Visitor: 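I am attaching a structure below and will ask some questions about it afterwards.
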Amino acid sequence: MLDFNELTTDDRIVLRYRLATQTDAGESLTDALGTVLQVSDTQIVLQTRSGPVAVRRSAITHAKRIPPAPVRRSRSPRTPGA
């Protein structure tokens, strides 16, 4: 797993972590993908598309660094009759 002590702000990572609630099927897991805003002894804060997400370090099951997001290209306007 990723060494959180090596993370810097602006690193892009993906985390898989346990949710506080459990279902009848057992643990519930979810993912967060974003840019590191803060790393502390107790949590990691990521800036995701939908806003900041704070994840308890004890809840993280997997983590890895990922490359920067691809640049989105705009589509050229459609010409009439095409």
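Bear in mind that the values here come from a model prediction, so they are computed numbers and not experimental data. These numbers come from the heavy atoms of this one structure, side chains and all, not from hydrogens, waters or symmetry mates.
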Visitor: On a heavy-atom basis, which atom in Thr8 and which in Val36 lie closest, and how many Å separate them?
Guide: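 Scanning both residues, the minimum pair turns out to be O-CB, 3.7 Å.
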Visitor: Roughly how far apart are Asp10 CG and Leu37 CG, rounded to 0.5 Å?
Guide: 8.5 Å
Visitor: Of all heavy-atom pairs between Arg65 and Glu6, which one has the smallest distance, and what is that distance?
Guide: NH2-O, 3.6 Å
Visitor: Of all heavy-atom pairs between Ile44 and Phe4, which one has the smallest distance, and what is that distance?
Guide: CD1-CD2, 3.9 Å
Visitor: Any side-chain heavy atom of Val55 sitting closer than 4.5 Å to one from Leu46?
Guide: no
Visitor: Can you tell me how far the CG atom of Asp11 sits from the CG atom of Leu2, to the nearest 0.5 Å?
Guide: 8.0 Å
Visitor: Please check if the number of heavy atoms outside Asp3 that lie under 6.0 Å from its CG is greater than 12.
Guide: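 Yes, CG of Asp3 has more than 12 neighbouring heavy atoms, counting only those of other groups under 6.0 Å.
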Visitor: Are Ile13 and Val45 linked, directly or through intermediate hydrophobic residues, by side-chain heavy-atom contacts shorter than 4.5 Å (ILVMFWY only)?
Guide: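 No, Val45 and Ile13 fall in different hydrophobic clusters.
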Visitor: Please report the closest heavy-atom contact between Pro68 and Arg12, naming both atoms and the distance.
Guide: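 Closest approach of Pro68 to Arg12, heavy atoms only: C-NH1, 3.6 Å.
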Visitor: With a 3.5 Å distance limit and no angle check, can you tell me whether Arg57 reaches the backbone of Val39 through a side-chain donor-acceptor pair?
Guide: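 No; judged by distance alone, with no hydrogens or angles, the pair does not exist.
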Visitor: Taking atom CD of Gln38 and atom CD of Gln43, what is their separation to the nearest 0.5 Å?
Guide: 5.5 Å
Visitor: Indicate, with yes or no, if Val53 and Leu7 share a hydrophobic cluster defined by side-chain heavy-atom contacts under 4.5 Å among Ile, Leu, Val, Met, Phe, Trp and Tyr.
Guide: yes
Visitor: Using a 4.5 Å cut-off on heavy atoms from C-beta on, say whether the side chain of Val14 contacts that of Arg16.
Guide: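 Sidechains of Val14 and Arg16: no contact.
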Visitor: Is there a side-chain contact between Thr30 and Tyr17, using heavy atoms and a 4.5 Å cut-off?
Guide: yes
Visitor: Measure across Leu33 and Thr48 and return the closest heavy-atom pair with its distance rounded to 0.1 Å.
Guide: O-CG2, 3.3 Å
Visitor: Taking all atoms of both residues into account, what is the closest heavy-atom pair of Ala63 and Leu15, and its distance?
Guide: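 So the minimum-distance heavy-atom pair works out to CB-CD2, 3.5 Å.
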